[in-house]
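Here's the structure we're looking at; comments come further down.
Both backbone and side-chain heavy atoms feed into the values below; hydrogens, waters and symmetry mates do not.
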There are 2 protein chains.
Amino acid sequence: MSINKKIGKRILTLRKAQKLSQEALAHKADVDRTYMTGVETGKRNVTVRVLDRIIHGLGTNFATFFNDKEFDDEK
Amino acid sequence: MSINKKIGKRILTLRKAQKLSQEALAHKADVDRTYMTGVETGKRNVTVRVLDRIIHGLGTNFATFFNDKEFDDEK
DNA sequence: ATTACAACGGACTATGAGTCACTTTTTGGT
DNA sequence: ACCAAAAAGTGACTCATAGTCCGTTGTAAT
């Protein structure tokens with residue numbers, strides 16, 4: 001699976017856990033509502049600066065965000 | 001510190017540990033040597049797709065790459 | 001029927017990807 | 001210490017795409 005898709009899935013999971021709408025998360029992360037959709041569906045190749053805002057908007061950090069089965073398959 | 005700089009420092013650390021030159025790593029990651037310099041010095045806001053190539057060029061993965069003190073300070 | 005949410009599209013602007021010629025710093029050998 | 005070569009950094013550039021802003025469509029719940 002592409003890194004885009006893995007990241008999108010991870011965001012979706014964490015967002016649902018927080019019971020946030022895409023729009024609410026987009027607002028916290030200061031990105032466009034429609035852009036968040038693109039990120040979650042794996043269509044977007046985000047930059048680390050935007051990913052940083054999204055991750056913090058989700059109330060977590062890089063270490064925790066990537067500490068997931070999806071991200072340690074390839075070594 | 002900016003996320004760019006943190007990532008640059010982390011790459012430098014892992015690259016040195018592998019005793020690789022920027023050029024050698026750049027080759028593995030399929031990016032230009034001068035581009036690698038820009039990333040390591042924190043001047044570039046890389047996309048996750050490029051970061052993916054660099055991380056794998058370093059022989060590691062996202063989970064391990066971000067499993068570092070630098071990345072769990074803010075929560 | 002209305003409301004809230006998610007996906008999608010097109011047009012647009014800002015900025016990242018990728019490359020080059022050149023300079024500076026670091027390294028190792030004698 | 002000196003010198004040459006390797007390694008790392010800089011500025012400027014083109015082209016692709018990241019990211020925004022307008023809207024529409026589909027779905028589910030009320």
Side-chain angles (χ1 to χ4, degrees), chain A residues 1-66 68 70-71 74, chain B residues 1-66 68 70-71 74:
Chain A
M1 195 188 320
S2 74
I3 186 63
N4 296 12
K5 285 229 192 299
K6 288 184 194 175
I7 288 174
K9 283 182 61 176
R10 183 72 170 133
I11 291 171
L12 174 68
T13 301
L14 294 172
R15 178 173 67 79
K16 289 290 186 191
Q18 309 261 347
K19 298 198 194 307
L20 289 173
S21 67
Q22 283 184 354
E23 188 163 16
L25 175 56
H27 183 255
K28 285 186 183 228
D30 194 33
V31 299
D32 194 78
R33 166 185 61 82
T34 67
Y35 190 72
M36 265 306 310
T37 297
V39 174
E40 263 190 24
T41 53
K43 295 187 179 65
R44 294 291 184 161
N45 179 24
V46 296
T47 60
V48 293
R49 222 177 270 160
V50 166
L51 183 58
D52 185 64
R53 302 208 303 268
I54 294 174
I55 285 176
H56 290 107
L58 284 166
T60 186
N61 57 42
F62 275 84
T64 305
F65 183 88
F66 286 106
D68 188 78
E70 291 277 11
F71 299 107
E74 345 89 332
Chain B
M1 194 189 317
S2 74
I3 185 63
N4 295 14
K5 286 228 193 303
K6 288 184 194 176
I7 287 173
K9 283 183 59 175
R10 182 71 170 135
I11 291 171
L12 173 69
T13 300
L14 295 171
R15 178 173 65 80
K16 290 291 187 189
Q18 309 259 350
K19 300 198 194 303
L20 289 173
S21 65
Q22 282 184 355
E23 187 164 18
L25 174 56
H27 180 71
K28 285 184 183 228
D30 193 33
V31 299
D32 193 79
R33 177 190 64 78
T34 66
Y35 186 78
M36 266 303 313
T37 298
V39 175
E40 263 191 23
T41 54
K43 295 188 177 65
R44 298 252 182 186
N45 179 25
V46 296
T47 61
V48 294
R49 225 177 268 159
V50 167
L51 184 58
D52 186 64
R53 302 210 303 269
I54 294 174
I55 285 176
H56 289 107
L58 284 165
T60 186
N61 56 42
F62 275 83
T64 305
F65 183 88
F66 286 106
D68 187 79
E70 291 277 10
F71 299 107
E74 343 89 331

Subject >> Touch class at under 4.0 angstrom, heavy-atom based, for Asn45(B) against every strand present >> reply: sugar-phosphate
Original post:
Has Lys43(A) got a side-chain N or O lying under 4.0 Å from the OP1 or OP2 atom of dA18(D)?
Top reply: no
**OP:** State whether Arg49(A) places a side-chain N or O below 4.0 Å from either non-bridging phosphate oxygen (OP1 or OP2) of dG19(D).
**Re:** no
Original post:
When all nucleic acid strands are considered with a 4.0 Å heavy-atom cut-off, which category describes Thr37(A): base, sugar-phosphate, or nothing?
Top reply: base
Original post:
How far apart are the closest heavy atoms of Leu25(B) and Ile54(B), and which atoms are they?
Top reply: CD1-O, 4.2 Å
**OP:** To the nearest Å, give me how far apart CD (Glu40(B)) and P (dT25(C)) are.
**Re:** 18 Å
**OP:** Using only side-chain N and O atoms of Arg15(B), determine if any of them is under 4.0 Å from OP1 or OP2 of dA8(D).
**Re:** yes
Original post:
Does any donor atom in the side chain of Asn4(B) or Ser2(B) lie under 3.5 Å from an acceptor atom in the other side chain?
Top reply: no
Original post:
Rounded to the nearest Å, what distance is computed from the CG atom of residue Asp32(B) to the P atom of nucleotide dA17(C)?
Top reply: 13 Å
Original post:
Does Thr41(B) place a side-chain N or O at less than 4.0 Å from the phosphate oxygens OP1/OP2 of dA8(D)?
Top reply: no
**OP:** Let me know the distance between CZ of Arg44(B) and C1' of dT17(D), rounded to the nearest Å.
**Re:** 14 Å
Subject >> Salt-bridge contact Lys9(B)-Glu70(B) (side-chain N to carboxylate O under 4.0 Å) >> reply: yes
Original post:
Expressed in angstrom and rounded to an integer, what is the separation of Ile54(B) atom CD1 from dG18(C) atom C1'?
Top reply: 12 Å
Original post:
Is any N or O donor-acceptor pair between the side chain of Thr34(A) and the base of dC21(D) shorter than 3.5 Å?
Top reply: yes
**OP:** Write down the distance between CG (Leu25(B)) and P (dG9(D)), rounded to a whole number of angstrom.
**Re:** 13 Å
Subject >> Whole-Å distance separating the CE atom of Met36(B) from the P atom of dT19(C) >> reply: 14 Å
Subject >> Nearest-Å distance for atom pair NZ/C1', residues Lys19(B) and dA6(D) >> reply: 17 Å
Original post:
Which atom pair, heavy atoms only, marks the closest approach of Phe65(B) to Thr60(B)?
Top reply: N-OG1, 4.1 Å
Subject >> Base of dG9(D) paired with side chain of Arg33(B) (donor-acceptor, under 3.5 Å) >> reply: yes
**OP:** For Arg53(B), answer base if it contacts any base atom (sugar-phosphate contacts may also be present), sugar-phosphate if it contacts only those atoms, and nothing otherwise; contact means non-hydrogen atoms under 4.0 Å.
**Re:** sugar-phosphate
Original post:
Under 4.0 Å between a side-chain N/O of Tyr35(B) and OP1 or OP2 of dG18(C), yes or no?
Top reply: no
Original post:
In whole angstroms, how far is the P atom of dA6(C) from the NE2 atom of His27(A)?
Top reply: 16 Å
Original post:
Parallel, tilted or perpendicular for Phe66(A) and Phe66(B), by the 30°/60° rule?
Top reply: parallel
Original post:
Taking for each residue the nucleotide of DNA chain D with the nearest heavy atom, is it Val31(A) or Gly38(B) whose nucleotide lies nearer the 5' end?
Top reply: Gly38(B)
